[in-house]
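A quick write-up on the structure given underneath.
Atoms within each ligand, like the ligands themselves, are counted from 1 in listed order. The figures that follow rest on heavy atoms only: side chains count, while hydrogens, waters and symmetry mates do not.
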Amino acid sequence: MESLEKKIVESDSLESLEKIRVELFGKKGFLAAEFVKLKDIPGPQKKEFAEGLNQTKESLQSAFDLRYDELKQGEIETKLKSEALDVTLYGGSAKKGSLHPVMETMDRIIDYFVALNFAVESGPMVEDDFHNFEALNLPKHHPARDMQDTFYFNDGALLRTHTSPVQIRTMLSSQPPIRMIAPGAVFRRDYDLTHTPMFHQVEGLVVEAKGKVSFANLKSMLTDFLHTMFGDVDVRFRPSFFPFTEPSAEVDISCIFCKGDGCRVCSQTGWLEVLGCGMVDSNVFKAVGYENVSGYAFGLGVERFAMLMHQIPDLRSLFEGDIRLLEQFR
Ligand code: PHE
């Protein structure tokens with residue numbers, strides 16, 4: 001008996017202990033054989049023998065359980081040790097992310113106007129005819145609708161072709177004075193070096209009591225804005241046409257690549273067009289029910305700004321999702 005217990009205590013692995021378990025407690029093991037002997041024991045000694053056997057069984061069992069726990073614990077510790085991580089080990093540096101150049105440019109533009117107390121508004125990208133065209137003085141058969149190639153849905157809804165519908169929504173849901181910008185994605189059926197079907201604009205609108213804002217205010221603010229964005233450039237306002245502004249202007253800066261001498265980027269003109277603007281047309285105010293107000297509006301393409309500021313030759317590369325592009329702007 002003692003030698004059996006000794007065997008248990010001295011077993012050095014769970015495997016050898018398992019062997020001992022079969023030897024002792026198994027169907028053909030030591031204890032089973034002892035119990036078989038019981039039937040040959042004559043009556044008077046039977047009880048004593050049986051009690052002795054049960055005691056043996058119990059003490060073997062508890063020796064076994066004890067050793068099993070010890071070996072199991074040892075195994076767990078060994079495993080933990082072998083799987084331990086040295087968190088102080090050098091793991092190589094993690095790559096830093098970066099803002100997409102379009103978003104970074106957008107943020108800079110927004111920051112400029114927020115500092116001038118403009119509120120940042122937004123509107124839906126799926127628009128209706130009223131907000132995108134009609135209320136902006138572009139009635140159904142107005143030829144100026146040809147300026148914008150529009151994505152239409154079957155039910156007449158459309159993808160907004162500019163951020164100007166946010167002007168309409170803001171004027172309809174609030175009262176003057178208004179001082180807002182609307183940054184966001186817009187959509188046109190266009191695809192070449194300088195056009196993608198989705199791009200971003202920042203729209204601006206200021207509405208005050210009649211006579212309180214003038215083209216001079218618009219001009220001085222946009223001039224300062226362009227100097228902030230592009231540094232020491234010449235700025236010129238060129239008469240132009242938009243249905244929703246009158247008078248209207250397009251704004252050019254002297255070419256930042258050739259400093260006005262003429263190069264490929266500016267098509268030898270020395271100037272780069274960067275903005276559209278003007279005094280809000282009275283028909284627009286009529287459409288939203290405003291009276292006795294004056295206002296100005298402007299709109300710009302964020303990708304165009306980003307291209308010029310970062311000298312990106314092909315606009316389409318901005319939206320191909322190539323991580324190497326982002327890595328250049330980290
Ligand atoms: N909505 C015009 C465009 O997309 C830009 C613009 C906005 C012009 C506001 C004038 C005033 O081209």
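- Distance alone, capped at 3.5 Å, is enough to place a donor-acceptor pair between the Asn132 side chain and the Thr161 backbone.
- Taking a cut-off of under 4.0 Å to the non-hydrogen atoms of Arg188, the atoms of ligand 1 that pass are 3 (C), 4 (O), 12 (O).
- Taking a cut-off of under 4.0 Å to the non-hydrogen atoms of Gln201, the atoms of ligand 1 that pass are 3 (C), 4 (O).
- Geometric assessment of Arg316 against the ring of Tyr191 yields a positive cation-pi assignment under the 6.0 Å and 45° thresholds.
- The distance criterion of under 3.5 Å between nitrogen or oxygen atoms is met by His162 with respect to ligand 1.
- Listed by atom number, the atoms of ligand 1 under 4.0 Å from Phe244 heavy atoms are 1 (N), 2 (C), 6 (C), 7 (C), 8 (C), 9 (C), 10 (C), 11 (C).
- Taking the ring centroids of Phe230 and Phe305, they lie under the 6.0 Å cut-off.
- Neither the backbone nor the side chain of Ser248 comes within 4.0 Å of ligand 1, counting heavy atoms alone.
- In this structure, Phe225 has its ring center closer than 6.0 angstrom to the ring center of Tyr112.
- For Arg169 and Glu127, the salt-bridge test passes: some basic side-chain N is under 4.0 Å from an acidic carboxylate O.
- Listed by atom number, the atoms of ligand 1 under 4.0 Å from Glu203 heavy atoms are 7 (C), 9 (C).
- In this structure, Lys140 pairs ionically with Glu134, as a charged nitrogen and a carboxylate oxygen lie closer than 4.0 Å.
- The shortest separation from a heavy atom of Glu250 to ligand 1 is not under 4.0 Å, leaving the residue out of contact.
- Under a 4.0 Å criterion applied to the non-hydrogen atoms of Ser164, ligand 1 contributes the atoms 1 (N), 7 (C).
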